2 protein chains.
Amino acid sequence: MDNKTRQKYEARARVIKAMAHPSRLFIVDELSRGERCVCELRDMIGADISTVSKHLSVLRDAGILDDEKRGLQVFYRLRVPCILNFFGCVEGVLQANARRGAAVAKQ
Amino acid sequence: MDNKTRQKYEARARVIKAMAHPSRLFIVDELSRGERCVCELRDMIGADISTVSKHLSVLRDAGILDDEKRGLQVFYRLRVPCILNFFGCVEGVLQANARRGAAVAKQ
DNA sequence: TTGTTGGTTGGCAAAATAACCAACTAACGA
DNA sequence: TCGTTAGTTGGTTATTTTGCCAACCAACAA
C-alpha cells in the first residue's frame with residue numbers, strides 16, 4: 001500500500017472514528033431531527049457538560065456537524081445528512097448478528 | 001437516556017468502531033472486490049501477519065466479515081455489502097471539508 | 001460593574017487500542 | 001513422522017481515548 005493510498009484510508013478513518021462512540025452516535029441521531037443546543041444534549045445524555053462539549057467538537061472537527069452561537073447557547077446541527085444512511089446498514093448488521101447468535105445457540 | 005437506549009447505541013458503536021481504523025477500512029474496501037486470504041491482505045497492508053489477523057477478527061466479531069478455511073489458507077469475505085455505502089458518504093464529508101479548508105484559507 | 005448562565009479548554013487518571021514478537025495450532029507434503 | 005506454510009493467540013509496551021474537575025471565556029441581566 002503506497003503512501004497516498006494509506007493517507008486516503010487514514011482520512012476516511014478519521015471520519016468514521018468520529019462516529020465510533022455511543023454518545024456521539026446518539027448525538028447524530030438526535031440532530032437528524034433538528035438542531036439542539038449543548039445543554040439539551042447534555043440533559044439527554046446525562047454526562048458532564050464538558051464531556052458532551054468534547055464529543056461535539058470531535059464531530060465538528062470531523063466535518064459532520066456545524067455549530068452556531070446564538071445568545072448564550074450554542075446550537076449544533078448535521079452538516080452531512082447522508083451520515084444517517086449508516087444507521088440502516090448498522091441495524092442490518094446487528095440483526096444478522098442476532099440471527100446468527102440464535103442459530104449458534106440452537107446448535 | 002434510559003438503559004435500553006444506551007445499549008442500542010452501544011451496539012451500534014461496536015459495529016462502527018470495528019470500521020474505525022485505516023487498515024480495516026482498506027480490508028473492507030478490498031473485500032468488496034471479492035474474497036481474499038490473510039496472506040494477500042498482509043502483503044497489501046504491509047504489517048505483521050498477526051496484526052492483520054487481529055484486524056480481521058475485529059471485523060468478523062462485529063459481524064462485518066465471514067471467514068472460511070480452505071486448506072492452509074483462511075479466506076475472508078464481506079458478510080454485509082451495504083457497509084460499502086459508508087464510503088460514498090465519507091468521501092462526501094471529506095470533499096466538503098476540503099472545500100471548507102480552501103474557503104478558510106482564502107479568508 | 002457584578003453576577004449568572006452556557007459552553008469551552010486544560011489537565012489528569014483510568015481504560016481501551018494498536019503493533020510487534022514469540023509461542024502455538026492446523027493442514028499439507030516429503 | 002518431520003518439516004513447512006498459513007494463521008491465531010498471548011503477552012508486552014506505547015499510544016490514544018474517555019470522562020471528570022477546575023479554570024476560564026462570552027453573552028446577557030441586574
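Everything quoted here is computed from the prediction, not taken from an experiment. In what follows, chains are A, B, ... by sequence order, proteins preceding strands, each numbered from 1.
- Fit an axis to the five pairs at each end of the helix from C:dT1-D:dA30 to C:dA30-D:dT1 and the two axes sit 10° apart, to the nearest 10 degrees.
- Using a 4.0 Å heavy-atom criterion, one finds that A:Tyr76 contacts the sugar-phosphate atoms exclusively.
- Cation-pi contact between B:Arg36 and B:Phe75: absent, since separation from the ring centre below 6.0 Å together with deviation from the ring axis within 45° is not met.
- Side chain of A:Asn85 to main chain of B:Asn85: no donor-acceptor pair is present (N/O by atom type, distance under 3.5 Å, no hydrogens or angles).
- DNA chain C lies under 4.0 Å from at least one heavy atom of each of the following residues of residues 35-57 of chain B: B:Ala47, B:Asp48, B:Ser50, B:Thr51, B:Lys54, B:His55.
- Ion pair A:Arg42/A:Glu40 not flagged as a salt bridge, since none of the NZ, NE, NH1 or NH2 atoms sits closer than 4.0 Å to an Asp/Glu carboxylate oxygen.
- Under 4.0 Å is where a charged nitrogen must lie from a carboxylate oxygen, and between A:Glu91 and B:Lys8 no such pair does.
- Between B:Met19 atom CE and C:dA18 atom C1' there is a gap of 18 Å when expressed in whole angstrom units.
- Of all the residues in residues 20-32 of chain B, B:His21, B:Arg24 reach under 4.0 Å from DNA chain C with at least one non-hydrogen atom.
- Counting all heavy atoms, side chain and backbone alike, A:Ser32 lies closest to A:Asp29 at OG-O, 2.5 Å.
- What you find for A:Arg100 and B:Asp61 is that their closest heavy atoms are NH2-O, 4.4 Å.
- Toward the 5′ end of DNA chain C lies the nearest nucleotide of A:Arg60, the other residue of the pair A:Arg60 and A:Lys17 mapping further downstream.
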Please produce a list of atom pairs where a protein N or O lies less than 3.5 Å from an N or O of nucleotides 25-30 of chain C.
none

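- When all heavy atoms of A:Leu25 and A:Phe87 are compared, the closest pair comes out as O-CZ, 3.7 Å.
- Between B:Lys17 and B:Glu10 there is no salt bridge, since no side-chain nitrogen of the basic residue lies less than 4.0 Å from a carboxylate oxygen of the acidic one.
- Ring orientation note: the planes of B:Phe86 and A:Phe86 are close to parallel, at an angle under 30° on the 30°/60° scale.
- Contacts of residues 4-14 of chain A with DNA chain C (heavy atom under 4.0 Å): none.
- With a heavy-atom cut-off of 4.0 Å to chain A, the contacted part of DNA chain D has its first and last nucleotide at D:dT17 to D:dC28.
- Closest non-hydrogen pair, B:Val80 versus B:Gly63, comes out as CG2-O, 3.5 Å.
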